[in-house]
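The structure appears right after this line, and notes come after that.
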Protein chains: 2
Amino acid sequence: MPRRPTSRDVAVAAGVSQSTVSIVLTGKWPGRVSPHTAQTVREAATRLGYRPNLAARNLRLGQTRTVLLVVPTLANPFFGAVYTGAARVAAEHGFGVVVYPWPDGHGPARSPFSAPHEAIDGVLASSMATEVLADLVGQDTDMGVPLVMLDSDPAGAAPTVNVDVADGMRALVGHLAGLGHRRFWHLAADIDAWTFRVRGRALADAVTALPDGATLVRRTAPITVEGARAATRVWLREAGRVGSDRATALLCDDDVMAAGAYKAARDTGLDIPGDLSITGFDDILLAEAVEPELTTVRLPAQGLGERAMSALLEILDKGRPRGLSLAGELVVRASTAPPRAVRD
Amino acid sequence: MPRRPTSRDVAVAAGVSQSTVSIVLTGKWPGRVSPHTAQTVREAATRLGYRPNLAARNLRLGQTRTVLLVVPTLANPFFGAVYTGAARVAAEHGFGVVVYPWPDGHGPARSPFSAPHEAIDGVLASSMATEVLADLVGQDTDMGVPLVMLDSDPAGAAPTVNVDVADGMRALVGHLAGLGHRRFWHLAADIDAWTFRVRGRALADAVTALPDGATLVRRTAPITVEGARAATRVWLREAGRVGSDRATALLCDDDVMAAGAYKAARDTGLDIPGDLSITGFDDILLAEAVEPELTTVRLPAQGLGERAMSALLEILDKGRPRGLSLAGELVVRASTAPPRAVRD
DNA sequence: TATGACTAGTTATACGTATGACTAATCTTG
DNA sequence: CAAGATTAGTCATACGTATAACTAGTCATA
């Protein structure tokens with residue numbers, strides 16, 4: 001049973017010392033070894049199929065040049081884009097990125113300290129609560145793994161990179177107001193996540209800031225197609241009974257909920273956008289697939305990943321950088337139109 | 001500048017030897033240490049905020065109890081479900097799973113051997129080509145990292161866990177044939193991936209197996225909403241000119257393409273499913289969101305992940321297991337109906 | 001009380017790598 | 001040609017952990 005070859009095996013095969021093998025293969029010492037010897041070593045390494053033991057290297061160097069990206073789930077392609085951005089920047093600096101989706105129920109409660117993902121130099125955490133990360137990062141934030149949060153509450157201890165939701169929301173509300181809308185409904189996510197709290201606040205602010213009197217009413221629903229559908233249907237039916245109460249524009253906390261709202265509108269016999277303008281948030285694939293195509297706000301997920309990784313690498317080098325934010329971009333599609341009153 | 005505490009620091013603080021700390025904290029030696037001493041050690045560890053150095057442990061143990069899940073992209077939520085299944089099974093055995101999305105362009109061409117993701121015991125690769133994995137797994141398959149493929153060509157060297165697409169496809173075609181359809185179009189993905197080759201073959205076989213003469217025509221399109229829309233629109237227009245040539249059912253290689261086909265049908269003034277039944281494949285979120293809801297085949301992604309992880313753990317224990325396959329499940333929704341001829 | 005078994009630890013060592021310190025040989029230069 | 005500088009390597013060591021092998025003390029049994 002042949003063990004995996006070590007640098008010592010390569011040294012023996014090449015007739016040199018283990019140090020020489022290391023010097024040749026790391027390539028950090030130009031001119032320390034004659035071209036001839038170097039060639040011999042490299043050939044031996046190839047012949048034996050040598051691959052360095054990363055655990056040993058990591059131990060020796062005290063670093064892994066690997067960053068962990070912690071995300072709540074992989075069901076949402078948003079995080080795929082975050083990864084892409086982060087990985088691009090990391091690669092430029094010789095770092096790798098590995099993704100750790102948060103284990104939903106069956107958490108990391110194995111042995112007292114067997115988090116398998118700790119052989120890393122830093123952590124990027126997207127859309128997570130700081131408390132949740134406590135055991136991963138180390139309670140005493142002084143000496144724990146360097147951490148940068150993104151799309152998260154900037155009030156925490158870690159540097160944060162966020163989307164300027166207020167900006168995107170102002171653009172969205174401005175677009176609707178420009179079309180003539182004055183009565184807004186907000187279909188809000190029924191979970192207590194920072195992301196959605198911020199969206200709610202930004203929406204309220206944007207409506208309040210409108211010049212002439214505009215109204216905003218909020219209801220919550222689950223972040224699923226069916227959940228949003230049910231909640232919206234009830235809402236529309238109730239509003240139908242009392243008459244003019246119904247909003248002309250329905251702003252949903254995310255695109256999935258907007259898809260549910262579409263169904264509810266049709267269930268109730270309403271035309272989109274004729275009778276009801278509907279908007280989403282995120283701009284996932286679905287936004288383009290539904291009919292009519294959904295007006296939404298595109299989050300710069302890739303940019304978030306890039307900025308966050310830059311910040312983390314900066315920390316790994318020197319001190320702590322400040323928080324940053326990027327603007328969301330309004331994407332106008334077919335699900336928004338002037339309200340009947342304006343057109344008639 | 002305080003270093004991160006080691007087990008030796010804990011030992012000093014607790015007034016015992018480093019071995020004792022190790023014995024207490026691994027917990028593998030019940031009764032080797034008195035409850036009192038154990039308590040003292042644990043307190044010291046907590047007080048100092050000790051967290052074991054994983055690189056050192058990995059080096060010592062020769063294993064990491066971590067498995068890498070390699071996926072082509074995170075844009076497709078399918079892989080999120082694969083992860084969930086794999087992580088569940090892994091956790092039961094004290095393993096962790098970390099995800100490595102294949103870096104699109106800017107590959108792992110850093111230093112000669114600095115793949116950051118190699119401190120792992122095994123690899124699960126989903127929907128990838130074996131050649132692509134070569135450098136990750138090690139050329140000489142004898143001594144490389146144990147590998148299990150899923151949703152991949154079973155002709156390769158590694159054990160494979162697959163979806164029995166033929167089964168799902170037979171169910172799908174059977175459903176359509178039962179509704180009265182005889183003329184089928186196949187909108188195929190224009191990339192040369194094993195997954196799609198198999199779908200194409202399974203579809204052809206299923207149609208051929210139909211009792212009375214049924215026809216199947218294939219065209220390719222990009223796997224995007226707009227790509228599929230354009231291709232389908234051209235197809236429908238051409239068929240329109242020559243009359244009865246048009247199929248009554250359009251089977252798409254995946255749900256995203258079906259969304260494009262929806263748009264093309266509407267562009268052409270066709271009713272779904274009245275004039276044209278459309279089906280997808282995968283059952284992603286979008287399938288439920290579009291109008292009418294999409295008839296499709298649900299892939300048991302989570303089950304795939306579970307089975308593949310089981311197989312990998314089995315390899316890590318003993319020898320090699322055989323390939324396995326799971327059945328896809330037909331999900332009938334509203335996008336399929338009898339063709340006009342049958343209803344009239 | 002002598003002997004073996006058990007208890008509760010300690011000592012010593014190896015995992016595989018990277019690198020500072022050392023050395024021997026060759027080269028350069030006044 | 002002597003002496004410093006350069007070249008091309010080797011030697012020794014440390015990173016932090018887990019565990020096999022050992023030891024000293026205690027207990028039970030005959």
Side-chain angles (χ1 to χ4, degrees), chain A residues 3-41 44-45 48-65 111-116 118-119 121 143, chain B residues 3-42 44-45 48-65 94 111-116 118-119 121 143:
Chain A
R3 334 179 317 291
R4 176 171 172 169
T6 71
S7 62
R8 203 173 310 275
D9 297 326
V10 175
V12 170
V16 298
S17 72
Q18 181 265 328
S19 324
T20 304
V21 173
S22 193
I23 292 170
V24 169
L25 294 186
T26 56
K28 288 184 194 166
W29 301 81
R32 272 299 298 277
V33 162
S34 73
H36 175 71
T37 306
Q39 187 56 25
T40 310
V41 167
L48 296 183
Y50 169 70
R51 324 206 73 209
N53 179 319
L54 283 217
R57 165 181 292 171
N58 292 344
L59 175 59
R60 171 67 227 234
L61 294 180
Q63 60 162 357
T64 60
R65 298 197 84 74
S111 109
F113 48 69
S114 83
E118 216 200 321
D121 292 346
M143 223 155 26
Chain B
R3 334 178 317 291
R4 176 172 170 170
T6 70
S7 62
R8 202 173 310 275
D9 297 326
V10 175
V12 170
V16 297
S17 73
Q18 181 265 327
S19 325
T20 303
V21 172
S22 193
I23 290 170
V24 169
L25 294 186
T26 56
K28 287 184 195 168
W29 302 81
R32 272 300 299 275
V33 162
S34 73
H36 175 71
T37 308
Q39 186 57 24
T40 310
V41 168
R42 268 189 281 268
L48 296 183
Y50 169 71
R51 326 205 72 210
N53 179 319
L54 283 219
R57 165 180 292 171
N58 293 343
L59 175 58
R60 172 66 228 236
L61 294 181
Q63 60 161 359
T64 60
R65 299 197 83 76
S111 110
F113 48 72
S114 82
E118 217 200 321
D121 292 346
M143 222 153 30

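So you know, we letter chains A, B, ... as the sequences are listed, proteins then strands, and number each from 1.
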Output the rounded distance in Å from [atom1] ([X]) to [atom2] ([N]).
| X | N | atom1 | atom2 | result |
| --- | --- | --- | --- | --- |
| Asn58(A) | dC15(C) | CG | P | 18 Å |
| Tyr50(A) | dG16(C) | OH | C1' | 7 Å |
| Trp29(A) | dA18(C) | CH2 | P | 12 Å |
| Arg51(A) | dG16(C) | CZ | C1' | 16 Å |

- prompt: Out of dT17(C), dA18(C), dT17(D), which nucleotide sits closest to the side chain of Pro52(A)?
  reply: dT17(C)

- prompt: With a 4.5 Å heavy-atom cut-off, do Val16(B) and Thr37(B) have their side chains touching?
  reply: yes

- prompt: Under 4.0 angstrom, heavy atoms only, what part of the nucleic acid is Leu59(B) near: base, sugar-phosphate, or nothing?
  reply: base

Phosphate contact (dT19(C) OP1 or OP2) by Lys28(A) side-chain N/O below 4.0 Å: yes

task: Would you please confirm or rule out a distance under 4.0 Å between OP1 or OP2 of dG16(C) and any side-chain N or O of Thr6(A)?
output: no

task: Check side chain to side chain contact (heavy atoms under 4.5 Å, CB included) between Asp9(B) and all other residues, then give those that pass, not counting sequence neighbours.
output: Arg3(B), Pro5(B), Thr6(B), Leu48(B)

statement: d(Arg42(B) CZ, Leu25(B) CG) to nearest 0.5 Å is 7.5 Å

Listed pairs, N/O of protein and of nucleotides 7-14 of chain D, under 3.5 Å:
| from | atom 1 | to | atom 2 | distance (Å) |
| --- | --- | --- | --- | --- |
| dG9(D) | OP1 | Ser34(A) | OG | 3.3 |
| dG9(D) | OP1 | Thr37(A) | OG1 | 2.6 |
| dG9(D) | OP2 | Ser34(A) | N | 2.7 |
| dG9(D) | OP2 | Ser34(A) | OG | 3.1 |
| dG9(D) | OP2 | Thr37(A) | OG1 | 3.3 |
| dG9(D) | N7 | Arg32(A) | NH2 | 2.9 |
| dG9(D) | O6 | Arg32(A) | NH2 | 2.4 |
| dT10(D) | OP1 | Ser17(A) | N | 3.3 |
| dT10(D) | OP2 | Ser17(A) | N | 3.1 |
| dT10(D) | OP2 | Ser17(A) | OG | 2.6 |
| dT10(D) | OP2 | Thr20(A) | OG1 | 2.1 |
| dT10(D) | O4 | Arg32(A) | NH2 | 3.3 |
| dC11(D) | N4 | Ser19(A) | OG | 2.6 |
| dA12(D) | N6 | Ser19(A) | OG | 3.4 |

- request: Could you tell me whether the side chain of Arg4(A) and the main chain of Arg51(A) form a donor-acceptor pair under 3.5 Å?
  value: yes

field: Ranges pairing with ranges for DNA chain D, where each run has three or more Watson-Crick or G-U pairs under 3.5 Å
entry: C:1-30 with D:1-30

